[in-house]
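First the structure, in the form of structure tokens, and then the observations on it.
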Amino acid sequence: MALNARLDHRNPLVFDTHELGRRPGALQRLNRTVDAPRDLGIKGVIGVPEGAPVELELRLESVMEGVLVTGTARAKAEGECVRCLEPLEQELEADFQELFSYPDADDRGRVIAEPGDDAEDDEDRLFLEDGLFDLEPVLRDAVVLALPMQPVCREDCPGLCAECGARLADDPDHHHDAVDIRWAALQGLAGTMKDGEKDEMSGAEPDVDEKQEK
């Protein structure tokens, strides 16, 4: 990607690497709790609510090309079970690692005269800006990969009844009497024929009586 827009050091997801001093091998460990940004997760499926606490454990390591950031994010995600549609909560732990490159160095750490000339090389790279980096895009990618695409409230959730929509976990013995529609049609036809026979019989008896009276 291209160089970052101007970063705000007051943003809790923006980190300062000046302490490393561009000394390869220098390390810095950070722990920070931040408010979850908007739409952190899989939209419409499951995610971390906006403003919920996200605990970050970070390891910043200075390398020739830039700063290698390794970390873990922990939070509580909320969503809906895809089987029974009940609300659910899930503990989230997402690991990530990303290299934030010095804008004036190539992939071997050598200083280049005009950084950013090669657009193809820069497309998938993240850069430091004045010693700062924005963790948000890395965090978003890590959270999406760590969350299930089809969350369930429990692994053996039986879901909903296909006929009436009842939650099967609440009534394990729930069932409907199975009726074969072919037999049901025959039974209806048989009932119609019997009714017709009764009508004919009830209409024939008076005729017989009239003849006998004559």
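From E65, atom CD reaches atom CG of L128 across 11.5 Å, with rounding to the nearest 0.5 Å. Remark: R22 CZ to M64 CE distance equals 9.0 Å, nearest 0.5 Å.
Residues L27 and R59 approach most closely at CD2-NH2, 3.5 Å, considering heavy atoms. Of all heavy-atom pairs spanning V82 and V152, the tightest one is CG2-CG1, 3.9 Å. Heavy-atom minimum distance, S62 versus Y102: OG-OH, 3.6 Å. Scanning both residues, H18 and D130, for their nearest heavy atoms gives CE1-O, 2.8 Å. For N11 against L13, the heavy-atom pair with the smallest separation is OD1-N, 2.9 Å. When all heavy atoms of D156 and R154 are compared, the pair lying nearest together is OD1-NE, 2.9 Å.
With contacts defined as side-chain heavy-atom distances shorter than 4.5 Å, the pair C157/E86 does not qualify. Counting heavy atoms from C-beta outward, L7 and F15 have side chains that stay 4.5 Å or more apart. In this structure, the side chains of L56 and L135 come closer than 4.5 Å at one or more pairs of heavy atoms. Considering only heavy atoms from C-beta on, L147 stays 4.5 Å or farther from V48 through its side chain. Two residues are said to be in side-chain contact when any heavy atoms from C-beta on lie closer than 4.5 Å; V138 and F133 fail this criterion.
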Report, one line per pair, each donor and acceptor closer than 3.5 Å where one atom sits in a side chain of residues 69-78; sequence neighbours left out.
| unit_1 | atom_1 | unit_2 | atom_2 | d |
| --- | --- | --- | --- | --- |
| T70 | OG1 | Q97 | NE2 | 2.9 |
| T72 | OG1 | D95 | OD1 | 2.8 |
| R74 | NE | E93 | OE1 | 3.2 |
| R74 | NH1 | E57 | OE2 | 3.1 |

For residues 32-44, please give each side-chain donor-acceptor pair under 3.5 Å, one per line with the distance, not counting sequence neighbours.
| unit_1 | atom_1 | unit_2 | atom_2 | d |
| --- | --- | --- | --- | --- |
| R32 | NH1 | P12 | O | 2.6 |
| R32 | NH1 | V14 | O | 3.4 |

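Between the side chain of R140 and the backbone N or O of P137, no donor-acceptor pair lies under 3.5 Å. Distance alone, capped at 3.5 Å, is enough to place a donor-acceptor pair between the T17 side chain and the G131 backbone. Looking only at distances, a side-chain donor or acceptor of R83 sits under 3.5 Å from a matching main-chain atom of E155.
Placement of V143 and M149 within a single hydrophobic cluster is found when ILVMFWY residues are connected by side-chain heavy-atom separations under 4.5 Å, directly or transitively.
With a 4.5 Å cut-off between side-chain heavy atoms of Ile, Leu, Val, Met, Phe, Trp and Tyr, the cluster of L99 takes in V63, L68.
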| field | Worked verdict on L132 versus F100 for side chain to side chain contact (heavy atoms under 4.5 Å, CB included) | value | CA-CA 9 Å; L132 304 176; F100 289 86; over 6 Å; no
